[in-house]
Amino acid sequence: MAPSAPSAPPTHANPCAAEIAAAVAAVVGARPEDVKIDQPPNRALGDFAVPAFPLLKAAGGGAPPALAARIAAELPRGGLIVDATATGPFVNVKVDRVRAIAMAIDAAVGRAPLVPDQGQGAVVCVDYSSPNISKHLAYHHIRSTMLGHALVEIFTALGYRVVRINHLGDWGTTHGMLLAAYQRWGAEYPTIDVTALNALYVRYRAAMKEEPGLDAEARAWFKRLEDGDADARARWQQFRDTSLAEFRKVYDLLGVAFDDERGESFYEDKMPEILELLAGKGLLEESEGAQVVKIPGDKTPLLIKTGDGTTLYATRDLAAALYRQRTYGFARSLYVVDRGQGLHFKQLFTCLGMLGFDWASRCQHVPFGLVRFGGKKTSTRGAVGGSGGGQFLLTDVIAEAVDEVRPRIAEKNPDMAPAELEAIAHAVGVGAVVFANVVPQRDRDVDFDMEKVTSLSGDSGPYLQYTLARCWNIERKAGELVDGPADWTLLSHDAEWAVARKLLEFGEHVARAAVNCEPHVVAHYLLDLAGEFSRWYTQGNDDATLRVICDDLPTRRARLALVHAVKRTLTRGLTMLGLAEVTRM
RNA sequence: GCGCCCAUAGCUCAGCUGGAUAGAGCAUCGGCCUUCUAAGCCGAGGGUCAGAGGUUCGAGUCCUCUUGGGCGCGCCA
């Protein structure tokens, strides 16, 4: 039996919360997963809060404050729990910080799975980036690419086996246009690179408005391609190879890679089966000359074949979904594609269900909002470049961000070797751009603003990288790396506890990010963690005894271990989001 | 016209699937560099959570309606 897909966050991925929940559950006779663990609004109240309301049924009724009082009285002390007080309907629990800190550091440094009992090798397919060949990767492609990449990393960290799929748009009438355009004007372009291909495409589309015949010409070319015409195939292959080579460069820049880059053309010979399946179920109908599947409740049907007899993307998506299920046996199959295609995916999955595939329910569209420029929607069909509302190339935006960042790093590190400066500028520049795209909720539109995207202060990628660099710097200055046990009783300051407590939360945020396919959960967690660390760090400015590198050696060792735990967690989280580790900046 | 999504501080956004006094960043103002990196930290001001009903012990969060915006609706993907 295939492992089931996660549908709810695991209960209490935070090891401290898990222990408290178990203890509370034992007192009231509830299941641990029914015990909600919150944070008190005020740190003085306690470390964890347990609302009594959800436990009323298990406890046999009564008034919430009374139940809270009973729980507070009966909770066993002496282990992790050192104190519990009822405040109205809430039980506020104080934990043994020394124990909790040990748990936090173990979890951050140890090899234990991020969240126990997650993943277990179940397969998650993630379809992301998926650009069209013969076009540049424009800035807006970053959204699908980096959200998808983050989901890949998040599921991998939770113990899933992830298949990274780049479903290239390399098939369809669009590519007939390119072949037609190439035949007409190809000789005018000395080098057929992606810029030339893009220009040919734009030119053809413009010409189509003037000459009605061009539409048919493009269709005819795609028909030739689909029928296996040798010239068409060779030319198309050239366009595809050229595009892939350029994509590879950009993906390398971003640190993104794929396991499956087959693209739509791969499914060409798999479509007859889909047509047979549809016909066999009596789902295929003719409508206005085309072959369609009517979707109950929808005004428009799913188009399977054009009047010309060529296939459409829906047909290929059906074939691809089936192929993925057969090949990978996925527990979950995700499509990280912009929100505008919501109807398409809804119909696609409904159609799979109509075909009798129970795994249709494990397919999920992971939509995201638009990337706008100055409030305007970006067009994949407009001209490239410029600030006039057209497109920005992804590589141009990254290059500009790197240029922005380089002098500031140089200023702070006058002795840095040029090669290292360049590497760090690259990591920070890319980090700024990438972070700006994963920190908002997926479904929010993001308006492109170079100034904001490359901003280094506040809630930004560079802030996280800077915090990480400070961790590295401490370890370098201390001359030792402490990743083993130390005397945790020496970490007695509130600021140290605040850091440790935040470390404990890492797993639950990653798990929640996976359930909701929302990488921004991890992004905000990292900002919180970096904030707690910075607060702790800054206290050393006023008082040398509060610094990590303090005179008391046992204290220093304990603090170094905490720094190391933060460093590990930040590195892990940054990597998850597609930001590079930075050891100095 | 039909469908989906959104509305939280001046701006950009969080708010852990219904919990206690709604939080950050930017911007503004005021503090902290003989300091393990000031790309940082602390403080102040700033809110009718678009509006109106409803559901219940409890609603920014759930249901309905209204307003305002966005996106999508047959042979592109």
Side-chain angles (χ1 to χ4, degrees), chain A residues 8-9 36 38-42 45 49 51 53-54 56 63-64 87-90 92 130 132 169 171-174 177 219 264 287-292 297-308 310 312-314 316-317 337-344 346 367 369-370 372 377 380-381 405 408-409 412-413 428 439-441 443-447 449 452 455-460 462-463 465-467 469-470 473-478 505 508-509 512 515-516 520-521 523-525 527-528 530-531 534-544 547-550 559 563 584-585:
Chain A
K36 197 164 160 57
D38 283 329
Q39 276 188 17
N42 171 348
L45 285 171
F53 311 102
L56 242 36
T87 310
F90 294 89
N92 290 312
S130 304
N132 293 328
W171 210 240
T173 313
T174 300
M177 287 183 209
R219 286 174 192 291
E264 292 188 274
S287 168
E288 299 173 33
Q291 298 285 310
V292 306
D298 281 1
K299 247 174 95 176
T300 55
L302 193 60
L303 266 81
I304 302 297
K305 253 186 155 179
T306 67
D308 302 335
T310 57
L312 287 160
Y313 65 105
R316 295 188 281 276
D317 277 353
V337 181
D338 74 273
R339 195 184 18 192
Q341 292 189 45
L343 180 62
H344 166 67
K346 192 198 116 198
L370 296 157
R372 296 165 180 284
K377 185 190 173 187
T380 53
R381 290 169 189 167
V405 153
R408 302 200 56 184
I409 298 166
K412 286 230 162 189
N413 302 275
V428 176
V439 73
Q441 285 178 359
D443 60 339
R444 296 201 93 95
D445 292 347
V446 291
D447 201 355
D449 178 344
K452 204 172 272 180
S455 158
L456 305 184
S457 61
D459 290 350
S460 68
Y463 171 62
Q465 289 169 318
Y466 175 69
T467 308
R470 284 174 137 184
N473 216 33
I474 291 169
E475 287 185 355
R476 270 192 299 266
K477 287 227 161 162
E505 293 175 11
E508 67 190 52
H509 286 97
R512 194 154 51 85
V515 170
N516 299 328
H520 94 290
V521 172
H524 285 279
Y525 167 76
L527 290 171
D528 282 351
S534 296
R535 256 184 289 286
W536 174 40
Y537 180 98
T538 307
Q539 289 191 356
N541 287 354
D542 302 323
D543 183 349
R547 291 183 200 161
V548 176
I549 304 174
C550 55
R559 288 179 183 165
V563 168
R584 66 178 88 224
M585 66 185 270

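A, B, ... follow the sequence lines: proteins, then strands. Residue 1 opens every chain.
Nucleotides B/A52 and B/U67, compared at atom P, are 15 Å apart to the nearest Å. Remark: the separation of the C1' atoms in B/U21 and B/A27 is 26 Å, to the nearest Å. Taking atom P on both B/C65 and B/C6, the two are 15 Å apart, rounded to the nearest angstrom. When the C1' atom is used for both B/G46 and B/U28, the distance is 10 Å, rounded to whole Å. The separation of B/A22 from B/C49, taken at their P atoms, amounts to 10 Å, rounded to a whole angstrom. Rounded to a whole angstrom, the distance from the P atom of B/A14 to that of B/U8 is 11 Å. Comparing the same atom, P, in B/G10 and in B/U64 gives a spacing of 30 Å after rounding to whole Å. Atom name C1', nucleotides B/U48 and B/A44: the rounded distance is 23 Å, in whole Å.
In this structure, A/V439 and A/H520 approach most closely via the heavy-atom pair O-CB, 3.3 Å. Between A/V428 and A/Q465, the shortest heavy-atom distance links the atoms CA-OE1, 3.4 Å. The two residues A/A290 and A/K305 come nearest to each other via the heavy atoms CB-O, 3.2 Å. For the pair A/G369 and A/D445, the tightest heavy-atom approach, listed with the atom from each and the gap, is CA-OD1, 3.4 Å. Heavy atoms only, all atoms of each residue included: A/P462 and A/S455 are closest at CG-O, 4.1 Å. Minimum interatomic distance between A/Y525 and A/H509 (heavy atoms only, all atoms of both residues): CD1-ND1, 3.4 Å.
Of the side-chain N and O atoms in A/K452, none sit less than 4.0 angstrom from OP1 or OP2 of B/C26. A sub-4.0 Å separation between OP1 or OP2 of B/C41 and a side-chain N or O of A/N541 is absent.
Applying the 90° cutoff around 0 to the glycosidic angle, B/U17 is assigned syn.
Counting non-hydrogen atoms under 4.0 angstrom, A/G172 reaches the backbone sugars and phosphates but no base. Heavy atoms of A/S287 sit under 4.0 angstrom from at least one base atom. No engagement by A/D338 is indicated, since no non-hydrogen atom pair under 4.0 Å with the nucleic acid exists. A/P462 comes within 4.0 angstrom of no nucleic acid atom, judged by non-hydrogen atoms across all strands. At the heavy-atom level, A/K346 lies nowhere under 4.0 Å from the strands shown. A/I409 comes within 4.0 angstrom of a base, heavy atoms only. At the heavy-atom level, A/M585 lies under 4.0 Å from base atoms of the strands shown. Looking at heavy-atom distances under 4.0 Å, A/D542 makes contact with sugar-phosphate atoms alone, never a base. Within 4.0 Å of A/Q441, counting heavy atoms only, lie sugar-phosphate atoms of the nucleic acid but no base atom. Contacts of A/P51 with the nucleic acid, taken as non-hydrogen atoms under 4.0 Å apart, are absent. Within 4.0 Å (heavy atoms only), A/Q465 reaches no atom of the nucleic acid at all. In this structure, A/A49 reaches the bases: a heavy-atom distance under 4.0 Å links it to at least one base atom across the strands shown.
Closest to the side chain of A/L312, out of B/A77, B/C36, B/A20, is B/A77. The A/R444 side chain lies nearest to B/C13 when the options are B/C13, B/G15, B/U37. Listed candidates were B/C36, B/G19, B/A14. Nearest to the side chain of A/P54 is B/G19. Closest to the A/N132 side chain, of the nucleotides B/A77, B/C5, B/C16, is B/A77. The side chain of A/A469 has B/U37 as its nearest neighbour among B/G15, B/U37, B/C13. Taking every side-chain heavy atom of A/D459 into account, B/A24 is the closest of B/A77, B/G70, B/A24. Taking every side-chain heavy atom of A/T173 into account, B/C76 is the closest of B/C71, B/C76, B/G72. Minimum atom distance to the side chain of A/R470 is reached by B/G40, of the listed B/G40, B/C5, B/A14. The A/V548 side chain lies nearest to B/C36 when the options are B/C36, B/A77, B/G70. Picking from B/G74, B/G1, B/A77 the nucleotide with the shortest atom distance to the side chain of A/K299 gives B/G1.
Mapping A/K36 and A/P301 onto RNA chain B via the closest heavy atom, the residue that lands nearer the 5' end is A/K36. A residue-by-residue look at A/V428 and A/D308 shows that A/V428 has its nearest nucleotide of RNA chain B further toward the 5' end.
Atom-to-atom, OH of A/Y463 to C1' of B/G40 comes out at 7 Å; the value is rounded to the nearest Å. One interatomic measurement links the two molecules: CD of A/Q539 to P of B/G31, which rounds to 22 Å at whole-angstrom precision. Going from atom CG of A/L343 over to atom C1' of B/A77 covers 14 Å, rounded to whole Å. Rounding to whole angstrom units, CG of residue A/L370 and C1' of B/C71 are separated by 7 Å. Atom pair A/H509:NE2 and B/U17:P shows a separation of 10 Å (rounding to whole Å applied). Between the P atom of B/U8 and the NE2 atom of A/H524 lies a distance of 15 Å, rounded to the nearest Å. A straight line from CZ of A/R547 to C1' of B/C41 spans 14 Å, rounded to a whole angstrom. Atom-to-atom, CZ of A/R316 to C1' of B/A77 comes out at 8 Å; the value is rounded to the nearest Å.
Of the possible polar contacts, none joining the A/D308 side chain to the A/T310 backbone as a donor-acceptor pair under 3.5 Å is found. No donor-acceptor pair under 3.5 Å is formed between the side chain of A/R339 and the backbone N or O of A/P367. Between the side chain of A/S460 and the main chain of A/Y463, a donor-acceptor pair closer than 3.5 Å is present. Between the side chain of A/D38 and the backbone N or O of A/A49, no donor-acceptor pair lies under 3.5 Å.
A/N132 contributes atom CG, which lies 14.0 Å from atom CH2 of A/W171 (distance to the nearest 0.5 angstrom).
For a distance-only test at 3.5 Å, the side chain of A/N92 qualifies as a donor-acceptor partner of the base of B/A20.
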* Structure fact -> Applying the Watson-Crick and G-U criteria (both distances under 3.5 angstrom) with [ ] for crossing and | for other-strand pairs, one obtains for RNA chain B (((((.(..((((.....[...)))).(((((.......))))).....(((((..]....)))))).)))))....
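With centroids closer than 5.5 Å and planes inclined by less than 30 degrees as the test, A/F90 and the base of B/A20 pass as a stacked pair. Taking the 5.5 Å centre cut-off and the 30° plane limit, the aromatic side chain of A/F53 is classed as stacked on B/G19.
A/R470 and A/N473 form no side-chain donor-acceptor contact under 3.5 Å, judged by distance and modelled atom types alone.
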